[in-house]
Amino acid sequence: MSRRPLYLLPRVCLKAETKQRCEVIMRIEEDVKLDFKDVLIRPKRSTLGSRKEVDISRTYKFKWSGREYNGVPIIAANMDGVGTFAMAKAFKADGNGLSVALVKHYDIGDLIAYYEQNGNDNVWYSIGVGDKDVEKLDAFLESKIHKTGKGIDKLCIDVANGYSQPFTEFVRRMRDKLPDVTIMAGNVVTGEMVEELVLSGADVVKVGIGPGSVCTTRKMTGVGYPQLSAVIECADAAHGLKGLVCADGGCTVPGDLSKAFGGGADFVMLGGMLAGHDQSEMEVVDVDGEKYVQFYGMSSGTAMDKHAGGVAEYRASEGKTVRVPYRGSVETSLQDILGGVRSSCTYVGAVTLKELSKRTTFVRVTQQLNNVFGTEG
Ligand code: 5GP
């Protein structure tokens with residue numbers, strides 16, 4: 001009999017144990033799971049001359065809706081200060097085909113007006129699973145704009161914990177109700193649940209529990225999964241069923257997006273990296289001569305206060321409220337982000353973003369950056 005401490009015994013050893021001892025032994029997965037910070041992408045010899053030669057847009061045909069998507073597969077998160085009408089307009093003007101998951105707290109009248117004036121090509125209509133969300137969605141589906149075919153064509157069904165049976169049933173109901181609407185649903189972090197959601201009607205499964213910049217799930221619940229490993233494992237599961245995944249949360253620098261795409265993500269969703277801009281539709285405050293914009297998790301106290309009652313059902317765990325430096329218009333940040341991803345592609349010889357995952361080999365590291373002169377810049 002092994003002398004290793006009981007908690008390290010692999011599950012198979014338990015067969016030899018008495019029933020009573022089995023009950024006290026925990027299950028521990030021993031293989032290391034990785035976050036973006038734990039790896040770098042290994043460069044590869046290539047014939048690419050410059051990043052201008054790289055195309056970082058993707059074309060997808062969605063499994064269930066049958067619709068096509070073409071554009072840079074980056075989505076602004078449905079968070080206050082990020083998933084705004086102003087952000088959607090800026091992305092449209094930018095012309096690279098990025099999209100925005102609209103904040104779900106927008107008023108129905110404002111949502112309809114937005115679709116009437118700007119079209120639906122780069123926005124996802126967001127809902128939780130609450131009765132109010134469904135009533136608002138139904139009202140939109142009855143609107144004139146929706147009946148002309150220019151209404152909701154992309155739906156983001158978003159809950160903190162995508163593991164519950166009622167959530168899967170909700171996704172299935174939406175799929176039955178809206179057969180030609182592209183559905184993105186989440187969040188989950190493991191392959192078996194990705195499969196369940198794809199089979200229930202999700203075209204895209206959103207992956208990420210706990211990695212977000214203003215998320216406190218891991219602190220409050222101890223639940224989560226390192227984001228890069230979650231993306232790698234979930235992408236594998238989804239692709240096997242012709243589904244797609246969206247890596248949601250945890251990107252702090254452009255290189256993190258490249259790692260997510262390199263790990264197999266079909267879309268990447270950004271919150272914090274897009275906060276603090278003119279497009280946030282937030283007040284810019286002056287603190288000791290420096291300009292800041294407030295940013296908060298959608299289940300933070302701040303969000304609860306603002307949306308009175310509409311938030312508790314949406315996010316089980318709390319979020320943080322922070323101040324981010326004001327960064328002007330989002331165009332400059334977009335250039336940085338897209339430039340970074342293009343550059344990653346040149347380092348590994350990927351002419352298109354699609355090739356990035358095929359050409360990515362991750363190297364595990366113990367250090368990422370040299371911060372001898374600070375962490376800014
Ligand atoms: P970020 O890009 O800022 O790291 O992560 C954005 C993601 O964090 C969002 O798309 C959403 O999935 C998640 N998120 C937003 N607000 C909250 C919150 O209050 N609590 C939790 N647990 N996650 C949140």
Side-chain angles (χ1 to χ4, degrees), residues 35-37 73-84 87 98-105 124 126-129 156-163 167 184-189 204-228 230-231 234 245-261 265 267-277 280 282 293-307 310-325 327 330 333-334 336-337:
D35 260 310
F36 298 130
K37 66 162 184 30
I74 297 175
I75 307 176
N78 48 332
M79 299 173 73
D80 288 354
V82 180
T84 62
M87 192 66 79
L98 285 80
S99 59
V100 172
L102 292 170
V103 172
K104 70 170 206 169
H105 301 290
W124 300 74
S126 305
I127 53 168
V129 292
C156 170
I157 311 174
D158 187 27
V159 295
N161 173 8
Y163 281 78
F167 178 65
M184 173 160 66
N187 281 23
V188 298
V189 283
V204 186
V205 176
K206 210 143 64 74
V207 174
I209 293 187
S213 58
V214 282
C215 161
T216 54
T217 297
R218 292 178 183 176
K219 185 170 159 191
M220 300 303 287
T221 67
V223 176
Y225 208 95
Q227 183 67 351
L228 178 66
V231 168
C234 291
V245 291
C246 174
D248 176 20
C251 288
T252 58
V253 288
D256 291 345
L257 280 89
S258 303
K259 292 174 189 175
F261 286 127
F267 289 90
V268 174
M269 183 171 265
L270 300 178
M273 284 182 73
L274 296 173
H277 294 99
S280 295
M282 291 266 183
V293 178
Q294 195 184 45
F295 181 52
Y296 47 85
M298 293 310 287
S299 71
S300 62
T302 311
M304 303 255 186
D305 290 346
K306 194 163 170 196
H307 303 297
V311 173
E313 73 201 12
Y314 169 58
R315 290 279 172 212
S317 304
E318 288 183 8
K320 282 189 261 194
T321 299
V322 298
R323 254 185 350 219
V324 297
R327 294 189 269 178
V330 76
S333 302
L334 272 190
D336 271 0
I337 295 169

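Because the structure is predicted, anything quoted here is derived from the model rather than measured. Atoms within each ligand, like the ligands themselves, are counted from 1 in listed order. For the numbers below, each heavy atom of this structure counts, side chains included, while hydrogens, waters and symmetry mates do not.
- Put simply, CD1 on Ile127 and CG on Leu102 are 13.0 Å apart, with the number rounded to the nearest 0.5 Å.
- Of all the atoms in ligand 1, the ones that sit under 4.0 Å from a non-hydrogen atom of Met269 are 10 (O).
- For the atom pair Phe295 CZ and Ser213 OG, the distance stands at 4.5 Å (nearest 0.5 Å).
- When only interatomic distances are considered, the shortest N/O to N/O separation between Ser213 and ligand 1 falls below 3.5 Å.
- Cys215 SG to Lys320 NZ: the interatomic distance, rounded to the nearest 0.5 Å, is 8.5 Å.
- Taking CE of Met79 as the reference point, atom OG of Ser126 lies at 12.0 Å (rounded to 0.5 Å).
- Residue contact check: Ser299 has heavy atoms under 4.0 Å from atoms 18 (C), 19 (O), 20 (N) of ligand 1.
- In terms of N/O distances under 3.5 Å, ligand 1 is approached by Gly271.
- For ligand 1, the atoms lying closer than 4.0 Å to a non-hydrogen atom of Met79 are 6 (C), 9 (C), 15 (C), 16 (N).
- Using a 4.0 angstrom heavy-atom cutoff, Ala160 does not count as in contact with ligand 1.
- Checked against a 3.5 angstrom limit, the closest N/O atoms of Gly250 and ligand 1 fall inside it.
- Short contacts between ligand 1 and Leu270, defined as distances under 4.0 Å to a heavy atom of the residue, involve ligand atoms 2 (O).
- Contact annotation: for Asp248 versus ligand 1, heavy atoms closer than 4.0 Å belong to the side chain alone.
- Considering backbone and side-chain atoms alike, Gly272 places an N or O below 3.5 Å from some N or O of ligand 1.
- In terms of heavy atoms, Ser280 sits closest to Val293 at CB-CG1, 4.4 Å.
- Proximity of a side-chain donor or acceptor of Asn78 to a complementary backbone N or O of Gly83 within less than 3.5 Å is not detected.
- Taking distance alone, with nitrogen or oxygen atoms compared against 3.5 Å, Gly212 stays at or beyond that limit from ligand 1.
- In the vicinity of Ala77, heavy-atom distances shorter than 4.0 Å reach the ligand 1 atoms 10 (O).
- In Lys320, neither the side chain nor the backbone holds a heavy atom less than 4.0 Å from any atom of ligand 1.
- Closest heavy-atom contact between Arg218 and Asp35: NH1-OD2, 4.3 Å.
- Here Met269 contributes atom CE and Ile75 contributes atom CD1; the two are 5.0 Å apart, rounded to the nearest 0.5 Å.
- Annotation: Lys206 places no N or O atom under 3.5 Å from an N or O atom of ligand 1; distance criterion only.
- With a 4.5 Å cut-off on side-chain heavy atoms, Met273 and Leu257 count as touching.
- Note that CD1 of Ile337 is 5.5 Å distant from CG of Leu270, once rounded to the nearest 0.5 Å.
- The shortest N or O to N or O distance between Asn78 and ligand 1 is not below 3.5 Å.
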